[in-house]
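Okay, so here's the structure we're looking at.
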Amino acid sequence: MLVRASIEPLSWENTFFGVNSAIVRVDQRAPVLTTDALQPWSRVQAKIPAANTQELDALQQLGFSLVEGEVDFVLPVTYASGDPGAQIAQTADIPALRRLAEQAFAQSRFRAPWYAADASSRFYAQWIENAVLGTFDHQCLVLRASTGDIRGYVSLRELNTTEARIGLLAGHGAGAELMQAALCWSQARGKKIVRVATQMGNTAALKRYIHSGANVESTAYWLYR
């Protein structure tokens, strides 16, 4: 069984994690993928639609292992009604947000043994900092307790004139409010659709998105070699 794919270096990840990694892009016009072509890389990733069983089997025969499943949701912005009072995160919030993000996503696909033990926490801490600064996601919204402490946050990015994407969302007991904040933010910018993805194993997030009115658009598997 063969799979045709190109191999692309992951420059940003390589700099951040200090690894020599790449990602394969399945393409029927590309050469047949071989172990020799994969050999120069210390880590190679692949994201394959869950329905593409032949490609999944072929990659496993080349030494790839399943790391996690991913579910992509689409949510109509028409569900927005009532602002929960979220605030735009400020630079002074970055240390607290970094600490929260370090703890919230420990079981991501950047976990050990594929990456260093602290890689996942560093990655998501940097992601939320960048969102506050508007250098990856465009904005970070926070919900505050009466003490002023952050009890939940959501980062958002405008994809185009009609769509936005939720990046990171976390907060114990604040999921419904954070989803509402994301929808209100998107509605204020004229968006019609909000996209969000989560791990197949994150049942709390799956339930939250479905309860908020989201529909499953696609499923995929991440594999590493």
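- The salt bridge (charged side-chain N to carboxylate O under 4.0 Å, His left out) search around R144 returns D93, not counting sequence neighbours.
- At a threshold of 4.5 Å between side-chain heavy atoms, the hydrophobic network of Ile, Leu, Val, Met, Phe, Trp and Tyr places I150 and I128 in one connected group.
- Between F110 and F17, the distance separating the two ring centers is shorter than 6.0 angstrom.
- Separating the OG atom in S121 from the CZ atom in R111 is a distance of 14.0 Å, to the nearest 0.5 Å.
- When the side-chain contact (heavy atoms from CB on, under 4.5 Å) test is applied to T147, the partners found at least two apart in sequence or on another chain are A145, D149.
- The side-chain contact (heavy atoms from CB on, under 4.5 Å) search around R109 returns E13, Q45, V67, E68, W222, Y224, not counting sequence neighbours.
- Using a 3.5 Å distance cut-off with no hydrogens or angles, the side chains of T162 and N160 do pair a donor with an acceptor.
- One hydrophobic cluster holds both I88 and L178 under the rule that ILVMFWY side chains link at heavy-atom gaps under 4.5 Å.
- Residues that satisfy the side-chain contact (heavy atoms from CB on, under 4.5 Å) test with A51, not counting sequence neighbours, are absent from this structure.
- Legend: ring pair (Phe, Tyr, Trp, His ring centres under 6.0 Å) pairs involving residues 129-181, not counting sequence neighbours, sorted by first then second residue: W127-F136.
- Between V26 and I48 the shortest side-chain heavy-atom distance falls below 4.5 Å.
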- Task: Test side chain to side chain contact (heavy atoms under 4.5 Å, CB included) on L168 and V154 and set out the steps.
- Result: CA-CA 5 Å; L168 302 182; V154 57; over 6 Å; no
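- The salt bridge (charged side-chain N to carboxylate O under 4.0 Å, His left out) search around R157 returns D137, not counting sequence neighbours.
- Under the rule for a side-chain contact (heavy atoms from CB on, under 4.5 Å), the partners of R189 that lie at least two apart in sequence or sit in another chain are Q139, E158, W185, K191.
- Atom-to-atom distance recorded for S108:OG and Y115:OH is 9.5 Å, nearest 0.5 angstrom.
- Residues Q180 and E177 have side chains not in contact (no heavy-atom distance under 4.5 Å, counting atoms from C-beta outward).
- Residue pairs satisfying the salt bridge (charged side-chain N to carboxylate O under 4.0 Å, His left out) criterion with at least one member in residues 40-52, sequence neighbours excluded, are listed as follows: K47-E70.
- Geometrically, R195 does not engage F73 in a cation-pi contact, judged by NZ or CZ lying under 6.0 Å from the ring centre and within 45° of the ring axis.
- In the hydrophobic cluster analysis, where Ile, Leu, Val, Met, Phe, Trp and Tyr join through side-chain heavy atoms closer than 4.5 angstrom, V19 is grouped apart from V24.
- For Q103, there are no side chain to side chain donor-acceptor pair (under 3.5 Å) partners at least two apart in sequence or on another chain.
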Residues 53-60 side chain polar contacts: donor-acceptor under 3.5 Å, at least two apart:
| residue | atom | partner | partner atom | Å |
| --- | --- | --- | --- | --- |
| E55 | OE1 | N52 | ND2 | 2.9 |

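- Annotation: side chain of S155 is not in contact with side chain of I166 (no heavy-atom distance under 4.5 Å).
- Looking at heavy atoms from C-beta onward, T198 lies out of side-chain contact with L169 at the 4.5 angstrom threshold.
- Not a single donor-acceptor pair under 3.5 Å links the side chain of E8 to the backbone N or O of S6.
- Taking Ile, Leu, Val, Met, Phe, Trp and Tyr as hydrophobic and joining them when side-chain heavy atoms fall under 4.5 Å apart, one finds V32 in a cluster with L2.
- Taking a cutoff of 4.0 Å between a charged side-chain nitrogen and a carboxylate oxygen, R29 and D27 qualify as a salt bridge.
- With side-chain heavy atoms closer than 4.5 Å counting as contact, directly or through intermediates, the hydrophobic cluster containing V74 also holds I193.
- When side chains are defined from C-beta on, R98 does not count as touching Y124, because their heavy atoms never get closer than 4.5 Å.
- Rounding to the nearest 0.5 Å gives a distance of 8.5 Å between CG of L133 and CD of Q126.
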